[in-house]
Amino acid sequence: MTHYSVTLGGEELWLLAEKAVYWPARQCLLIADAHFGKASAYRSLGQPVPQGTTSDNLQRLDRVLNALPCAQVIFLGDFLHGPGSHASGTLSALRSWRERHSDLAMTLIRGNHDKRAGDPPADLRIEVVPEPLLMGPFALQHEPDAHASHLVLAGHVHPVYRLRGKGRQSLRLPCFLLSSSVSLLPAFGAFTGGYTVEQDNDHQIFVIGDHQVWPVG
């Protein structure tokens, strides 16, 4: 499994090219902004968007879970995109995926889209909790708000970084943004868009591209 190892809050974390973070000491996988069923939600509003995004995201998640020893998965908010994400096809795919990982503990830290979409169906057996969830030195959250005593790992922003080449060439890539107070995970979902962040002395950016993770600057 391709990753870039960093130390944050005294803990080793693996930044995965699959747009997730693995915490080896806890055998814990952290995922932000999966937005499962986003395409279904858009189609329920009559907008023509691609099908199969949930299945593609779940296949990518399966590859991570099959490659790493995981005891738990924690979703940092926005598990489902909206009320339209409860479409039968989306829920069927999620139920089949959950059956493949029936022994795995799963927790969702409720995000802003979860409040609109509603909690995942009970048969998915995903514990839903408010933010923050305190684990070791970290406050696991959806919103990137600083915590009084813990280092924040959050989602919500969908950070991307623009690499610039010669002339007007540029490329927007999903990225991790790490700092000593609030760190951001990229959106795991493939149909989510992104907010461009800039390099700064107060944080370090790690971009994802060509199935690798590497630091900027």
Side-chain angles (χ1 to χ4, degrees), residues 1-36 57-80 94 97-98 101 103-114 120 124-147 150-160 174-190 192 194-195 197 203-208 213:
M1 180 61 58
T2 302
H3 70 275
Y4 193 101
S5 179
V6 298
T7 300
L8 203 60
E11 293 285 333
E12 181 185 17
L13 299 177
W14 293 4
L15 311 182
L16 304 181
E18 286 73 16
K19 299 191 292 186
V21 167
Y22 180 65
W23 187 356
R26 300 287 183 111
Q27 294 189 342
C28 178
L29 185 68
L30 305 176
I31 292 173
D33 302 285
H35 286 272
F36 291 124
N57 290 335
L58 291 174
Q59 288 174 11
R60 181 157 43 93
L61 183 50
D62 275 342
R63 288 197 295 271
V64 177
L65 294 175
N66 291 333
L68 297 172
C70 285
Q72 58 182 325
V73 176
I74 299 177
F75 295 94
L76 305 184
D78 291 1
F79 181 81
L80 294 172
L94 287 169
W97 168 77
R98 186 62 171 112
H101 305 283
D103 295 334
L104 193 60
M106 296 187 186
T107 301
L108 167 63
I109 299 165
R110 194 180 283 113
N112 58 303
H113 278 268
D114 301 300
L124 290 180
R125 292 180 292 109
I126 299 175
E127 181 185 12
V128 182
V129 300
E131 62 181 2
L133 175 61
L134 303 184
M135 289 183 64
F138 302 118
L140 306 180
Q141 303 178 178
H142 179 66
E143 299 287 344
D145 299 325
H147 190 275
H150 287 62
L151 195 160
V152 171
L153 297 178
H156 185 59
V157 175
H158 304 189
V160 297
C175 68
F176 301 90
L177 186 153
L178 305 186
S179 81
S180 59
S181 58
V182 178
S183 296
L184 303 176
L185 277 66
F188 182 82
T192 52
Y195 174 78
V197 296
H203 57 244
Q204 175 70 59
I205 291 174
F206 298 81
V207 296
I208 302 167
V213 179

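Values reported hereafter were calculated over all heavy atoms of this structure, with side chains retained and with hydrogens, waters and symmetry mates removed.
Pairing each heavy atom of P159 with each of L184, the nearest pair is CG-CB, 4.0 Å. When all heavy atoms are compared, the tightest approach of I74 to C28 is CD1-SG, 3.7 Å. In plain terms, the two heavy atoms of K19 and G189 that are nearest each other are NZ-O, 3.6 Å. Nearest approach of A32 to L185, heavy atoms of both residues: CB-CB, 3.9 Å. Pairing each heavy atom of I31 with each of A20, the nearest pair is CG1-CB, 4.0 Å.
Counting heavy atoms from C-beta on, the side chains of L68 and L16 come closer than 4.5 Å. Looking only at side-chain heavy atoms (C-beta outward), V6 and F176 stay at 4.5 Å or farther from each other. Under the 4.5 Å side-chain criterion, counting only non-hydrogen atoms from C-beta, E12 is not in contact with W23. At least one side-chain heavy atom of L153 sits less than 4.5 Å from a side-chain heavy atom of L8. Residues W14 and V213 fail the side-chain proximity criterion, which asks for heavy atoms closer than 4.5 Å. Proximity of H101 to M106: side-chain heavy atoms (C-beta onward) are separated by under 4.5 Å at one or more points. At least one side-chain heavy atom of P69 sits less than 4.5 Å from a side-chain heavy atom of Y22. Between L94 and P120 there is no side-chain heavy-atom pair separated by less than 4.5 Å.
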Please report the C-alpha distance between I208 and L15 in whole Å, then the side-chain angles of each, then the deciding distance to 0.1 Å, and finally whether the side chain to side chain contact (heavy atoms under 4.5 Å, CB included) criterion is met. CA-CA 9 Å; I208 302 167; L15 311 182; over 6 Å; no

Passes side chain to side chain contact (heavy atoms under 4.5 Å, CB included), R98 versus L104? Steps please. CA-CA 9 Å; R98 186 62 171 112; L104 193 60; 4.3 Å; yes

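Within the structure, salt bridge (Lys or Arg N to Asp or Glu O under 4.0 Å) contacts touching residues 124-137 (residues at least two apart or in different chains) do not occur.
For the atom pair D62 CG and N57 CG, the distance stands at 11.0 Å (nearest 0.5 Å). From F188, atom CZ reaches atom NE2 of H35 across 12.5 Å, with rounding to the nearest 0.5 Å. Separation of atoms CG (D33) and CZ (F79) is listed at 12.5 Å; rounding is to 0.5 Å. Residue C175 holds its SG atom at 10.5 Å from CD of Q204, rounded to the nearest 0.5 Å. Once rounded to the nearest 0.5 Å, the distance linking CG of L13 with OG1 of T7 reads 8.0 Å.
At a cut-off of 3.5 Å, with distance as the only test, no side-chain donor of Q72 or T107 sits close to an acceptor on the other residue.
H113 places no side-chain N or O within donor-acceptor distance of the main-chain N or O of G111, the cut-off being under 3.5 Å.
Ring geometry for F36 against W97 counts as tilted: the plane angle lies between 30° and 60°, on a 0 to 90° scale. Taking the six-membered ring for Trp and thresholds of 30 and 60 degrees, Y4 and F206 have ring planes inclined between 30 and 60 degrees apart.
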Name every donor-acceptor pair, under 3.5 Å, that has one atom in a side chain of residues 132-146 and the other anywhere in the protein, sequence neighbours excluded.
{"from": "Q141", "atom 1": "NE2", "to": "E143", "atom 2": "O", "distance (Å)": "2.9"}
{"from": "Q141", "atom 1": "NE2", "to": "D145", "atom 2": "O", "distance (Å)": "3.0"}
{"from": "H142", "atom 1": "ND1", "to": "L76", "atom 2": "O", "distance (Å)": "2.9"}
{"from": "H142", "atom 1": "NE2", "to": "D78", "atom 2": "OD2", "distance (Å)": "3.4"}
{"from": "H142", "atom 1": "NE2", "to": "N112", "atom 2": "OD1", "distance (Å)": "2.7"}
{"from": "H142", "atom 1": "NE2", "to": "H156", "atom 2": "ND1", "distance (Å)": "3.1"}

